[in-house]
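Only one structure is covered here, and it is reproduced in the block below.
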Amino acid sequence: MAKPSSEGDSPTASRTDSRSRMGESSLKGCGFSSFTGFRAEKEDVLRLAMPRYLRSAMLDCIKKKDVDAGDRHFQTSGSEDDPCENPVVVFINPRSGGRNGSVLQDRLQHMISEEQVFDLHNVKPDEFVRYGLGCLEKWAEKDNYAKETRKNIRVVVAGGDGTVGWVLGCLGVLHEKDQFPVPPVAIIPLGTGNDLARSFGWGGSFPFARRSAIKRALQRATNGRICHLDSWHVVVQMPGGEVVDPPHSLKTTEVCDVDQNLKIEGCVPDKVNCYEGVFYNYFSIGMDAQVAYGFHHLRNEKPYLAQGPISNKIIYSGYSCSQGWFLTPCMSDPSLRLDIMIVVYVRAIVALNLHSYGSGRNPWGNLKPDYLQKRGFVEAHVDDGILEIFGLKQGWHASFVMVELISAKHIAQASSIRLELSGGDWRDAFLQMDGEPWKQPMSKEYSTIVEIKRVPFPSVMVNGE
């Protein structure tokens with residue numbers, strides 16, 4: 001393959017200079033008012049842009065959903081293509097948090113390239129994994145740029161916890177197919193809680209007002225150290241005929257992989273429906289999931305209310321009060337209880353993987369060694385293969401936990417969990433995974449089973465600190 005040469009006064013150089021001038025002009029209205037400053041920034045991040053033929057080939061494969069669709073670009077590759085030191089692709093969720101993703105997308109496309117920055121409404125992460133990375137793997141033995149790009153590529157996710165989890169889940173397929181290396185994931189926090197971002201040093205929000213923020217985020221994404229994160233597989237088995245409107249992280253499955261050898265207190269019908277998914281931060285059942293469910297529906301119905309993380313949190317708090325989280329004592333309504341091991345009554349039970357929950361709180365707490373030893377617990381880590389299970393008993397208790405005056409009700413640490421939900425007076429239960437809630441129909445006659453087990457391989461993250 002021909003080596004890159006100096007552009008000089010070639011037509012390619014003219015086209016590049018023209019595009020630079022257009023980019024400089026278009027970004028003046030987005031906070032980049034200095035012509036010279038933008039040129040310096042663009043030159044600094046050019047090392048993130050893949051060779052033109054390579055990124056065009058990947059995009060064609062993704063759009064046409066065919067790993068062979070980009071072949072023509074490899075046949076015409078030439079001296080105008082530059083090598084890439086740190087190849088990245090960026091996924092942006094424009095609906096996350098304050099819905100600033102579209103502004104960020106424009107800036108990143110000018111700074112890197114249009115073909116490497118994807119709107120998640122147009123390009124799904126599973127399409128990138130299957131067809132984009134598939135294109136690189138197909139040509140890796142014949143094309144050195146394709147080989148090095150596949151080896152070194154990193155993924156940046158601009159969105160909330162749910163968006164990050166979505167991308168991580170799609171990349172996890174590479175583990176199952178033994179297609180290595182799995183690209184590590186960096187985060188630009190655009191969501192409301194951003195607990196995954198907080199846990200890996202990316203902060204709780206993105207400073208749009210700072211001109212250098214995007215450049216610094218890209219530098220950290222390419223230079224940050226690699227670390228691991230436990231992933232947890234969830235299976236929900238419910239009576240057949242029930243309908244659930246799950247989040248995108250929970251998919252229907254034909255094979256219901258629940259442990260049939262464990263005892264069930266209630267009854268299970270012959271026909272069941274099954275869903276499965278993966279979470280990375282927490283899984284919860286109870287009032288916190290109910291509040292999240294109401295908030296998400298309100299935000300989708302009235303998007304003009306979601307103008308930023310602060311306004312989102314105000315709405316969230318107001319909805320919490322309206323649903324009785326802070327106003328209704330737990331013991332006043334037995335139908336609101338969750339019976340945990342028969343003797344513990346709580347309004348919410350949470351299985352937590354990270355140290356961050358509810359926009360940066362640590363409800364498990366920083367427990368002292370003596371307490372850990374007394375309870376038979378171990379120090380919590382994001383890659384220790386253990387979930388911390390805690391309860392929120394009632395309104396006053398939850399509010400004190402969320403301001404970190406006290407710890408939550410410590411229930412257990414576990415490497416796998418099984419929950420059996422019985423309807424009784426409940427018509428619905430509320431569940432959520434990583435901030436994505438859903439309403440789960442309950443049956444009076446039959447039990448709904450939820451099983452949580454650790455995924456045998458970790459997710460690969462980039463630490464932003």
Side-chain angles (χ1 to χ4, degrees), residues 160-162 164-165 168-169 187 191-202 204 227-234 236 247 249-250 277-292 316 325 338 340-341 344 346-368 371-372 375-393 397-419 430-438 450-455 458-459 461:
D161 289 342
V164 177
L168 287 174
I187 304 173
T192 302
N194 299 313
D195 290 303
L196 271 167
R198 297 172 194 270
S199 297
F200 288 93
W202 296 98
C227 49
H228 290 150
L229 167 68
D230 283 337
S231 308
W232 298 89
H233 182 245
V234 177
V236 181
S249 57
L250 199 67
V278 176
F279 74 91
Y280 304 88
N281 187 359
Y282 65 90
F283 177 94
S284 71
I285 302 176
M287 183 60 80
D288 67 326
Q290 182 179 2
V291 170
Y316 202 102
W325 176 257
L338 294 172
I340 311 302
M341 297 183 292
V344 179
V346 293
R347 295 190 66 190
I349 180 171
V350 182
L352 184 66
N353 188 38
L354 304 181
H355 297 152
S356 184
Y357 166 87
S359 302
R361 280 76 171 182
N362 183 6
W364 185 256
N366 297 311
L367 307 183
K368 296 181 179 180
Y371 181 84
L372 291 173
R375 295 294 304 272
F377 294 155
V378 296
E379 187 176 351
H381 296 284
V382 300
D383 59 352
D384 58 6
I386 296 175
L387 289 169
E388 281 66 53
I389 306 170
F390 64 86
L392 300 172
K393 294 187 288 187
H397 179 245
S399 61
F400 284 3
V401 169
M402 296 308 287
V403 296
E404 298 185 337
L405 291 177
I406 59 176
S407 297
K409 177 66 177 179
H410 300 133
I411 297 175
Q413 289 179 311
S415 58
S416 63
I417 302 171
R418 182 179 182 126
L419 301 169
F430 292 87
L431 294 77
Q432 66 171 332
M433 299 195 311
D434 290 350
E436 293 190 275
W438 73 95
V450 178
E451 281 194 356
I452 301 173
K453 296 181 180 179
R454 183 174 176 268
V455 176
S459 296
M461 307 293 296

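Under the side-chain contact (heavy atoms from CB on, under 4.5 Å) criterion, Asp195 pairs with Asp161, Arg198, Asn281, Ser356, sequence neighbours left out. Among residues two or more places apart in sequence or in another chain, the ring pair (Phe, Tyr, Trp, His ring centres under 6.0 Å) test is passed with His233 by none. The ring pair (Phe, Tyr, Trp, His ring centres under 6.0 Å) search around Trp438 returns none, not counting sequence neighbours. Considering only residues two or more places apart in sequence or on other chains, Val382 meets the side-chain contact (heavy atoms from CB on, under 4.5 Å) condition with Phe200, Leu229, Leu354. Considering only residues two or more places apart in sequence or on other chains, Ser199 meets the side-chain hydrogen bond (donor to acceptor under 3.5 Å, both in side chains) condition with none of them. Considering only residues two or more places apart in sequence or on other chains, Asp434 meets the side-chain hydrogen bond (donor to acceptor under 3.5 Å, both in side chains) condition with none of them.
The minimum heavy-atom distance between Asn353 and Tyr280, with the atom names listed, is ND2-O, 2.8 Å. Residues Ala414 and Ile389 share a closest heavy-atom pair of CB-CD1, 3.9 Å. Nearest approach of Lys393 to Lys409, heavy atoms of both residues: CG-CB, 4.5 Å. The minimum heavy-atom distance between Pro437 and Ala289, with the atom names listed, is CB-O, 3.7 Å. Pairing each heavy atom of Trp232 with each of Gly385, the nearest pair is CH2-O, 3.4 Å. For Leu367 against Ser407, the heavy-atom pair with the smallest separation is CD2-OG, 4.5 Å.
Here the straight-line distance linking atom CZ of Phe279 with atom CD of Glu436 works out to 13.0 Å at 0.5 Å rounding. Distance CG/Leu387 to CZ/Arg454: 10.0 Å, rounded to 0.5 Å. In this structure, CG on Asn362 lies 7.5 Å from CG on Leu352, to the nearest 0.5 angstrom. The line from CD of Gln413 to CD of Glu379 is 10.0 Å long, rounded to the nearest 0.5 Å. A distance of 6.5 Å separates OG of Ser416 from NZ of Lys453, quoted to the nearest 0.5 Å. Atom CZ of residue Arg375 and atom CD1 of residue Ile411 lie 9.5 Å apart, to the nearest 0.5 angstrom.
Annotation: side chain of Pro458 is not in contact with side chain of Asp383 (no heavy-atom distance under 4.5 Å). Between Val450 and Phe283 there is a side-chain heavy-atom pair separated by less than 4.5 Å.
His355 places a side-chain N or O within 3.5 Å of a backbone atom of Ala380 that can act as its donor or acceptor partner.
Taking the six-membered ring where tryptophan is involved, the planes of Tyr357 and Phe390 are perpendicular, since the angle between them exceeds 60° and thus also 30°.
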